[in-house]
Amino acid sequence: MIALISDTEIAFDDVGSGLPVVFIHAFPLNRTMWDPQIGALVAECRCIAIDLRGLGDSSPRPPFSMDRYADDIAGVLDSLQIEQAVIVGLSMGGYVAFAFWRRHRSRVRAFVLADTRAGPDSADGIARRRGLIELATTQGSTAIANAQIAGLVGKTTRDKRPDTYDAIHRVIAQEPIDGIVGALEAMIGRPDSRPTCATIDVPTLVIVGDEDVITPPAEVRTLHESIVGSRLEILRHAGHLSSFERPAAFNAVVAEFLAALLYN
Ligand code: MLT
């Protein structure tokens, strides 16, 4: 489906019924990374997976920022007449979730924050992103897929799940350059969300793969400790894209969390 938000086509899937759950993808992927979650959770809730502008099937129309992405999500919820939803964000999806909280907090029923961090980029991180912008504009999306894939998946996936590895590479290699560059600029420009975490007062589940090298478990534990009352789950044999690498384990903890929201 497509919603027109601020003259920009934002693509999304909307399946199932009941408690609305919004899925926000990682960089540089798109909403299809949530297919294993939607397939499993559609019986339990209403799953809405959104392509951030410039990625997947959403138009690559500037501006690109965490605030703009968050407002696009609010716009999709408006178009569906949904007042409140559980927000699930993985990595960059988590950065967007923090912006969504700052701008639309009354619309958040609960959070699932996976393989993400609250702090801003370091100087080295910004320099690396500038290098990726150069790579994307000169060599294209396949070069980005080649550069990113090793960090995105864990050792176990690299060694034992070649189909998963290849599927992730394929998705990245088809992403539009403008969207990749826009997302990199948006991540460079994002604010420090650590003060934001101290204000989160909705049920929050924090998840990390034990083989995540981009947002390692120690860093995600710090995020968990900064959100009062949050719960931390560490998934074994999963890297940064824990939901895609170990879908059954990821879905089980999310399903239990959603059930507790509904029945407690
Ligand atoms: C992601 O998975 O969204 C990215 O690794 C986030 C980042 O580069 O900071």
Side-chain angles (χ1 to χ4, degrees), residues 22-34 37 49-56 58 64-66 68-70 73 87-100 111-136 141 143-154 157-158 164-165 167-169 171-173 175-176 179-194 196-197 206-209 211-220 222-223 235 238-246 250:
V22 170
F23 292 88
I24 315 173
H25 60 78
F27 169 83
L29 287 104
N30 59 47
R31 71 190 196 277
T32 61
M33 71 166 255
W34 297 112
Q37 278 63 54
I50 298 175
D51 280 341
L52 297 174
R53 62 171 62 207
L55 296 165
S58 290
F64 296 96
S65 69
M66 294 304 146
R68 186 60 257 170
Y69 292 146
I73 290 166
I87 304 293
V88 181
L90 191 144
S91 197
M92 182 173 75
Y95 310 160
V96 179
F98 297 134
F100 193 83
F111 276 128
V112 178
L113 301 171
D115 302 278
T116 192
R117 66 161 62 86
D121 283 353
S122 63
D124 283 355
I126 291 175
R128 181 168 184 279
R129 293 206 202 281
R130 295 261 173 245
L132 286 173
I133 290 172
E134 173 75 14
L135 186 68
S141 317
I144 292 293
N146 294 340
Q148 289 292 95
I149 187 97
L152 287 174
V153 302
T157 299
R158 215 163 39 244
T164 302
Y165 186 95
I168 293 165
H169 192 281
V171 170
I172 300 173
E175 291 288 32
I180 291 176
V181 171
L184 287 162
E185 296 283 10
M187 287 192 285
I188 289 172
R190 77 187 191 280
D192 186 351
S193 290
R194 286 172 293 192
T196 304
C197 290
V206 178
I207 302 175
V208 64
E211 298 175 2
D212 186 340
V213 294
I214 294 182
T215 49
E219 189 167 1
V220 176
T222 303
L223 170 67
L235 303 186
H240 187 63
L241 293 180
S242 60
S243 59
F244 202 79
E245 295 176 62
R246 297 253 2 251
F250 188 96

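Indexing begins at 1, ligand by ligand and atom by atom, following the structure's order.
- The contact set between ligand 1 and Met92, taken as ligand atoms under 4.0 Å from a residue heavy atom, comprises 1 (C), 3 (O).
- The protein heavy-atom contact nearest to atom 6 (C) of ligand 1 is Ser91 OG, 3.1 Å.
- When only non-hydrogen protein atoms are considered, atom 3 (O) of ligand 1 lies nearest to Phe27 N, 2.7 Å.
- Counting heavy atoms under 4.0 Å from ligand 1, residue Met187 touches it through the side chain alone.
- Between Arg129 and Glu134 there is no salt bridge, since none of the side-chain N atoms of the basic residue sits less than 4.0 Å from a carboxylate O of the acidic one.
- Side chains of Ser242 and Thr157 form no contact here, defined as non-hydrogen atoms less than 4.5 Å apart.
- Here the heavy atom of the protein found nearest to atom 9 (O) of ligand 1 is Tyr95 OH, 2.6 Å.
- Every atom of ligand 1 with a heavy atom of Ala26 under 4.0 Å away is listed here by number and element: 1 (C), 2 (O), 3 (O).
- Ser122 and Asp124 are not linked by any side-chain donor-acceptor pair at a separation below 3.5 angstrom, with hydrogens and angles left out of the test.
- With a 4.5 Å cut-off on side-chain heavy atoms, Trp34 and His25 count as touching.
- Counting only heavy atoms from C-beta outward, the side chains of Ile172 and Leu29 approach each other to under 4.5 Å.
- Counting heavy atoms from C-beta outward, Thr116 and Leu223 have side chains that approach closer than 4.5 Å.
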Worksheet entry | Stepwise salt bridge (Lys or Arg N to Asp or Glu O under 4.0 Å) test for Glu185 and Arg130 | CA-CA 8 Å; Glu185 296 283 10; Arg130 295 261 173 245; 3.4 Å; yes

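- The closest approach between a heavy atom of Arg129 and any atom of ligand 1 is below 4.0 Å.
- In this structure, the protein non-hydrogen atom closest to atom 5 (O) of ligand 1 is His240 NE2, 3.3 Å.
- Close approach to Ile214 involves these atoms of ligand 1, each under 4.0 Å from a residue heavy atom: 5 (O).
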